[in-house]
Each structure stands twice: as C-alpha cells, then as structure tokens.
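So the structure is just underneath, and the comments pick up after that.
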Amino acid sequence: MDESVYEYVKVERKWQDAWFDAHIEEATKRKGQKFFIHFAYPGVSGYLHVGHMRGFSYCDIIARYKRMSGFDVLFPAGFHASGIPSVGFAKKVQRGDADTIRLLKQNRCSDEFIQRLTDPTEVVKYFSAVYVDNYWKKFGYLIDYSRIMTTISPGYKRFIQWQFHQLHAKHLLIQKPHFAPYCPNCGPVAVDRSETDVSQGGEAEVLEFTVIKFMLPDGKILPAATLRPETIFGVTNMWVNPTVEYSVVDVDDEQWICSSECIEKLSYQFDKVQPTLEKIPGSSLVGKTCRVPMVNRDVPILPGVFADPNVATGIVMSVPAHAPYDWIALVETKKPIAPIKIIDVPGFGENPAKEACDELHVTSQTQTDKLDQATELVYKKEFHTGVLNKLCGPYAGIRVSEIKDTVKNDLLGKDEAAILREFSQPVICRCGRRVVIKKIPDQWFIKYSDPDLTRESKEYARTMAIYPVEYWEELPKILDWFGDRAVIRKGSWLGTEFPYKKDWIIEPISDSTLYPAYYVLSKYVNTKRLPPEEMTDAFFDYVFLGRGTAKNALWREIKDDFDYWYPVNINLGGKEHKTVHFPVYIMNHVAIFPEPKRPRGLFVHWWVTQKGKEKISKSKGGAEPIHEAALTYGVDAMRLYYAHIGSPFVDIEWDAETVTKYKIRIQMLWRLFTHLNRTTDKPDENLDAWLQSTLTRRLHKIHEAYETFDLRVASNETFFEMPRDLQWYVKRGGKNAALVTKYLETWVCLATPITPHLSEELWAFLGHEPFVSTQPFPREATKDVSEYHEVGESLLIHVIDDLSEILKVTNITPKKISIYTAPAWKQQVLRLALDLEDRQLLSMNALMKEVMADPQLKAQAKLVSQYAGKVAGDIKKMTETDRQRYHVKLDEAGYLRQVKAFLEAAFSCPVEVWSADDAAIVDPVQKAKNAVPRRPALYIE
RNA sequence: GCAGGGGUAGCCAAGCUCGGUCAACGGCGACAGACUCAAGAUCUGUUCCUGCAGAGGUUCGGGGGUUCAAAUCCCUUCCCCUGCACCA
C-alpha cells in the first residue's frame, strides 16, 4: 500500500473481516463487570439513510469504549417487524408503486426478486439482511450478530404472550370503548403522515365535538356540534343551512335532525342508530324555536349558509359574542338579536367576535380565510385569559381553560349532550372510500393510567441515568400524561396474537417494551438449542423472575446469562421515542420486573435533517444511500462526523461538503502519523515533559467525556487537540522517538471507539498485533503532570503571541528581538499576594504590610507599592487554575533562553533574553521596567 | 390545546448547570503566504471595528434588572422548531 494514500475502502473491509472472523463482537462473560447497551431497534420499512447511522454509531462508539474499559459488553440488535411498515412496503410493491420499484432496482433487485417482496415476511427477511450486511457490518459495529432477532419469530411471540399474561395477572389489562379510524371496505386503517393506508388526509387530527341537544317543541332534537361547549350560556339562536335537506334519525331512543352526511358517522359511533325516511328541508326549520339545555331558554332558528352538512351534524349553535362566524351571519340576517357576552377577556370589550371581525375587516360569511383567522384569535385569547362571567350560573368566575371539560361533562351527565369524533380534514382510504371513526365497544388497553404504576415508574425514572438531563426532567411529566393505550387491532398487520381475544393482534408499540430481555434468549434460539416449544410461561417465569424450578440445565444456563447481563445499562434512541417508546419501555419493566432488573439509563439523540431542517424521510428513500456514502466518505469519516459535528442533543443538517472535510481529516491524520520522525531519539527534558503532561491532561478530559457519553468533547480532544499538541511538539523540535511512539500508541487506542478502522491500520503500522479494538483504554497517571513545563510552554506561547501582535500592528520586519523577564522582586510581591489571597486576607493594606517587612523590598518602596496595587487587582480577577499556575516558580529567563533557537527560527532574527535583574542588561529604550511575571517586556528593532 | 427544545460572529456549531480563564472551543468558508509548472491537497498566518508596541472599543434575538463583573442569573418581549398515542 502506498503510505501517503489512505485507502479506506480496503482498510475498512480488511479489518471488518478480521474482527468478525475472530468474533470479537460476541458478548462473553469474562471480566466480571458488564455493560448492556442497545438501540431502539429499527422498524423494517425500507432502506435506511445516513441519518439513521447517527444513533447506531453513537451506540457502537459507547460500546467500544466500554469494551476497552474493562467491561464485558453486550451490544445486540434486532428488528421491529411488527405492525404496518413491512405490510405497507409489500402493498406498495404489489400495486407497482413506481418510486418503490425504482428504489429496489437501484439496489440491484431483480424483477423476480421484487415479486417476492409482495409478501411482508419476505420484506422483513430482505431488509434484515440489508441492515446487517450493508449497514451495520459495513460501519464496523461490534454488534453481537449471533443474537439478531425479529419480533415476528415464534419464540418472540411466546415471549410477548408471556408478557401479556403478566400484565393481565397484575390487572393492567382493561377493556373499554375506543374510537379508531376505520374504512368500511378495508377495516382498520392507520392515519399517519407516511400515508401507508390512506391516499389523502394523513395529517388529519381527530376532533372531539360536543353535540348539544337542543329540543324542538315537537320533541325532536336539533343536535348542534361545537368544540366550545362552555359557550352554551351565550347562545342566541341556531343556524341551519336553508339549502340543505336534513334527515331525521333515531339515535338511542331520541329523534335527531341532522345532515344526511352525518348519519353514517353516527352509525359508527353510537350504539342504536336507525335512519328514518323523514326529510326536513333546512328552510322549513327556519323560524321555529328550540330550547337551550342547561339555561332553559328558547331561541330562534335562523338561516346560515355557512353551516356545512359535511362538518359534524350540520347543525350549528350561534354564539355571536364569541364566534366571528356567528356574528357575521347574524349581521347579514339583519335580525334584531343582541349578542350575549359570557366571557370576560382582557383586551376585548363588549363583543370580542365583532371586534375581531372589525379588526380583520370581515364583512361576509363567505370570507372564510379571514373568519378562520378571527376565530383563532378570539379562541386563543379567551381560552388562556378568559373568565366566565355572571351569566354562567355555577361556573361564573372560572377560567375558560379550567371549566371547558366540566361544562362538557355536566352536559353529558345529564344526557343533554353526546360526543361525536371527526377528522379535521377528509381522510380517504387507498381503496377510495372515505375513512370514518368507529367505536370499538370492548377494546383492550394497557392501563398506563394506573396510579400505582405511574407513581412507581416516576420514582424509578428519577434514579435512572438519562441523557440529556432535560429529558430526565421531562420524563415524569410524560409518565403522568401517558394514558391508557389500546393494545390490539384487527387487520393486516404483523405481530403477536393477543391471548385474550382471538384473531386480534397486539399492536407494535406494546410488543417492544421488554424486548432487550429477549436478546439473552435469541442466542440460544439462533443456534437451535432453544426451540420455541420450550418457551413456556414456566420457562419465562423461571428465567426472568426466578419463579419455579429449572426443567433442565439449559434453563439454568440461560437464567445465569440473564442474571449476568440484565438490566440494560443504556437504551439509545432518537427523539421521536421520547413520548411513546421510552415511557412504555420503563412502565412495562416497572410493572413486570423487580427493581434490580429495570433499565439503568436512556440516551436520546436528535436527528440528521436535510438542508432546511426537513426530516430525512425513510419512506422517500433518504437523501444519501448508506453504502454509497460509505464509499464516498469512508466509514471512519462518517463516524467522526456524527460524533463531532455537534451535540447529540441537537438536530444536525446533513451536508456533503462538511462530511468531505472529515474525510480529509482522516487522510491527514493518516499521513501525519505515518510520516512522523521516529528514528532520531533525542530527548529534550522540558519539551518532553510538556508533551507528557499535556497528554495526561487530555487523557483525563477524554476519559471524563466518555464517562458522561460526551462524544463531542471526546472526539474534539482526540481528533483535533491532540494532533495539534503533537504538531507543536514537532515544530518546537521535539525528537524523542520513544516518546513519540508512545504518544502515537496512546492516540491510536483513544481514537479506536470512533475511528476503529484507521486505528487498527495504525496499530498494525506501529508493529502491533491485532486488535487495538480489544486493547485497554488508556488512563492517565497523575505523576506525569508537570505544571512547571506547562507553564513554561504557555509563557513561550504568550511571548510569541505578543511578538506577533506587535509585528502586526507596527508592520516592521524584526532585525533583533530583546526579551526582558520580570525582576525577582516582582515575583516575590506577586507570591506574597497570592499567599494572602489563598488565606482570603488579600487587601492593599495587608499586602503592603507584608512587603515592607522585607528590608530588600522596602528599599525600593515606591516601585513596589505601585506594582503591589496593580497585582492585588489582577489577582482578584484570576481563576483558581490561574492562581495555581502563578504559584509555580518558573525561571522565566532560563526557560526562554533554552528556546532561543526556536524563537530565532520562527521570527528569522537574533533573539536576546534578559532578566531585568541581570547586571549586564542591554535595554536601550528602557523596556525592562514594564516586565511583570509571565509577561516579559519585549523590544523589537 | 398539552408537553418540550432553540435563537451565539459570513455559515455550521461549542459554551449557559458552577457569572470572571470569552472577542467567545472546533470546523467550514474567505484572505494572505509557503510548497508546486499549474491546479488540488497540505502547511503557516489573518479573518467584529479601530490601532505603526503587545492596546482600546462594540458584540452572543430585542428590552429591562441583579452584580465590582453576564452569552452565562432574574424579569419581560419577539421569532423559529419538535413530539402528542393505535405511526414506529
């Protein structure tokens, strides 16, 4: 190999093959202390992109660090194959989705093979192999590949069923009604942004309308749908659309009048819905009156064309004081009806709706954009700062934000209202049918609202190591907020059968909460030593909970493994997991496992986004395919990029140019380290001690950074600061081959977690046997710190800085440089002052007293007192480390004389070093008097 | 709506927990120099403003406050972003 070119593709390949041949990635129980880390396993929904590699890379870096730090490391991985993604992918292949087919072909899939991918389990199989072979192994991750598993294997399903038996036994499975998106043709559908099931409306939210029952004189109900039930006290009239023909429908023994579009919605959400043949034109309702529940007042029915039959019931109650639509409609009808103001809001007067309309110059019902704007304006203000006024009976004086649900619940309790759920925008199924919301009367839930479970989970989360700390603070609030979760569904999804209801499948969030425990088993499953049939509840009870007895030696062996590896030390996942996966991960562990087996830590990382903060989308194929990126930049460059580009807790923008710079740096490091002069063995006491000391400080900082998983600091010190130290050493003329070699060996070890391939290659270059990946991580030895030499070098750097600045400002070419270090008496005064400060006694008086006690200092009292005044002020501003460094008794002139040759070379002119105390001093322009400790006076000719 | 994150020099991005070492890590870009036939790469230096002696001035979204001292603490205001459940 040409030594000046670092052929990363070959190098990466070579070492990956070597690692996996030697199986250094497999978890073994040898060192007596263990570290269990895993990432939130990925769903199987297509090719991944460079963004996903960020979290995976963090995980491998941490795992490698721990492995080198004396831990047995278990770093397994698996696939979350449950749920909709692989089914969605298979469906796309089936319907010949052009993007999907093109993507597969780009990845060298044959037509024949593509056909196979119409089967979801084939999709899982295919992508599992892609992730392992093309992504994880190509990035050098030391994942224990002998434990790979998926959530749709027979063994895993038994594991999940055991989990649900446990939850059931603990009374954490409950049944109650639930409302879910449903296509009358296709059954349950997922409404989400990826739009796997739906062709339109993936962004839709479910709105919860309160349907308030207004009674007509003939006993029929006019059901007005509203999102603001508390405004019932301000109703002045009703709106029906005069151009619409309404229908009469029997609902739970009542007769409702609503738009015909509404009937279907009602039929999916209410138990007894029976359409009748009776139709009522809107126009014939106009002029009648109906009774407002709760306030028992009769109000007229008026025509309002804005009442949309597609929205909720098609009937609208009118609150002209607080709803801009109602206000404008009322103005247009020219009826002499006075708005009733029921909410007091600072910033608004007698009619907030009118004022908002005036402000936005709304004059007609048809100006829907402006009306929506006005509505939002009024609503937000009223919700946050509004208070119900005296017209609201028992609710008077209470803030809108607090009373909203109370009014609704009171209406519901008196059977004067009902709830109707509806999408905020039309949702269309892939089959073309409009998706509705359907009531499932006896849905099963995991009772995450359980007060004991919530409390215990919160208490436990407090004890966990959670990165970043902001999430540690946020988590208890999320656990409080986290409600019951519907856990089963029926439809074309992959997953485990729910044990208490035939043909229903456990949904994918709920089947991936205890899964790291399964990594202990998967090794035995994959080698066929543990057949699924053997995984009975008794088996799981024994292995995980220590209940019952072992049926055979294998059970004991597996239990030993479990007791060794569990609990998880770090579960690492993207920020999308903050509000769903991590909470249920904790809560299920708390519910089922005793405290010693609950996860010890979480690590949340943010995303890699595309330019403009747009999330890189998995479904769209991703910006930069992984295997191409690996070839273009090199894996080590990408790993370094992820670790160094920013804190793990901010989104980073993928930028090809930036990644290229990291590639160049890897090349540069290779060249730098392979071309170092390691043949001349010429020690230099000062310089060598300085390098050793600096190295020691770096080691300390790097170790600390890794211990808190601060990969940015660790990588910055290793890949930027350390090479710079070494370059300074070389530039200063350092030639101690033994020391340089030792430095290099240390560096290679330090770099290994982040750039393992480069490290292995350098390790071999240095003549060592493989693998550096299994070497111990270097630790500092405090005896190697030499403050004296650090201070000496910093003095030198300071002098160079000052000289440069003078040259820059004066723009002269130096013919000769004179350096004058401070006289001994200044050093003495400074030290006296520092001593006083250490005893917290420093003041001008105290200092002068001390100083005058010395006859030699007293002899030049005037100069001394001038300097002392300045020193006292300076010391007050110093930091602790500054003060410590000033304590070091450095022979400044002596030190600088030793580096004379270096300075002369750097400034290309003769250099003289004088101490202000020198009898023979040459000081033509009287500079020496300005010298102070650590700040020699300078004169350039 | 609920919960959370963020605004730092041309750009990306540290620092903010524990106020002083901060004109503010590091990187990129730009400029100059070295090397080279040249380009690229690499190396050196400069890169807020002013300054012919190592200095001074003005900065960390806006405004106000605490302090000898604030990017860092407090108050207030404007703007941006993210998650929210049957999607993983």
Side-chain angles (χ1 to χ4, degrees), chain A residues 40-45 80 82-85 88 178 180-181 188 190-197 202 205 227 379-380 383-384 401 404 443 445 448 468-471 473-474 477-478 480-489 493 507-510 512 573-581 583-584 606-607 609 613 615 618 644-647 649-653 655 657-658 660-662 664-665 667-668 671-672 712-713 715-717 719-721 724 727 731 798-799 801-812 873 876-882 885 925 927 930 935 937-940:
Chain A
Y41 53 10
V44 188
S45 58
H80 194 198
S82 331
I84 201 172
H178 182 63
V191 176
D192 69 333
R193 273 172 278 290
S194 75
E195 302 198 334
T196 301
D197 282 358
E205 286 177 75
L227 295 169
Y379 180 78
K380 280 207 167 142
F383 184 87
H384 290 289
S401 52
K404 205 178 178 73
Q443 169 66 286
F445 289 80
Y448 290 114
V469 67
E470 285 79 8
Y471 184 53
E473 285 160 7
E474 186 185 358
K477 293 182 230 171
I478 297 172
D480 261 334
W481 158 86
F482 205 94
D484 300 339
R485 184 179 179 90
V487 290
I488 59 172
R489 13 184 237 202
W493 333 76
E507 61 86 29
I509 292 293
S510 306
S512 42
K575 66 174 176 179
E576 70 276 21
H577 295 304
K578 286 203 296 178
T579 50
V580 184
H581 172 248
V584 298
W606 267 234
W607 294 332
T609 59
K613 302 281 182 210
K615 186 186 176 186
K618 218 191 312 189
H644 185 259
I645 187 69
S647 150
F649 317 123
V650 296
D651 289 337
I652 53 175
E653 275 182 23
D655 177 7
E657 262 180 64
T658 307
T660 307
K661 299 301 170 186
Y662 283 91
I664 290 168
R665 176 152 286 263
Q667 306 274 12
M668 184 277 269
R671 245 193 325 270
L672 172 68
R712 187 179 192 274
V713 166
S715 54
N716 197 242
E717 290 290 308
F719 291 89
F720 293 89
E721 303 295 350
R724 184 177 307 165
Q727 281 172 307
K731 186 173 165 186
H798 213 138
V799 167
D801 282 350
D802 279 351
L803 287 170
S804 308
E805 176 141 7
I806 294 166
L807 291 175
K808 182 186 149 201
V809 171
T810 58
N811 220 357
I812 57 181
K876 286 287 181 198
K877 283 188 205 158
M878 285 179 196
T879 59
E880 190 54 39
T881 43
D882 264 353
R885 290 206 150 182
V925 291
K927 283 282 180 188
N930 297 325
R935 204 77 201 278
L938 305 171
Y939 177 55
I940 304 174

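By convention in this document, chain letters (A, B, ...) are assigned in the order of the sequence lines, proteins followed by strands, and residues within each chain are numbered from 1. Here the structure is a predicted model, which is why all the values come from computation and not from measurement.
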Stepwise side chain to side chain contact (heavy atoms under 4.5 Å, CB included) test for A:V469 and A:F649: CA-CA 10 Å; A:V469 67; A:F649 317 123; over 6 Å; no
Sugar-phosphate only, base, or nothing, as touched by A:E721 at under 4.0 Å among non-hydrogen atoms: sugar-phosphate
A:E805 CD to B:U46 C1', straight-line distance once rounded to whole Å: 12 Å
Watson-Crick or G-U counterpart of B:U82, or none if no pair lies under 3.5 Å: B:A3
Sugar-phosphate only, base, or nothing, as touched by A:A937 at under 4.0 Å among non-hydrogen atoms: base
Between A:E507 and A:W493, a side-chain donor and acceptor under 3.5 Å: no
Whole-Å gap separating P (B:U42) and CD (A:Q727): 12 Å
Sugar-phosphate only, base, or nothing, as touched by A:L938 at under 4.0 Å among non-hydrogen atoms: base
Test of ring centre spacing under 6.0 Å for A:F719 and A:H644: no
Nearest-nucleotide 5' precedence on RNA chain B, A:E657 against A:F383: A:F383
Touch class at under 4.0 angstrom, heavy-atom based, for A:L803 against every strand present: nothing
Touch class at under 4.0 angstrom, heavy-atom based, for A:T658 against every strand present: nothing
Aromatic plane relationship, A:Y41 with A:H80 - under 30° parallel, 30 to 60° tilted, over 60° perpendicular: parallel
Side-chain N or O of A:K661 closer than 4.0 Å to phosphate OP1/OP2 of B:G29: yes
Touch class at under 4.0 angstrom, heavy-atom based, for A:S804 against every strand present: nothing
Closest to side chain of A:D802, choosing from B:G54, B:U82, B:A85: B:G54
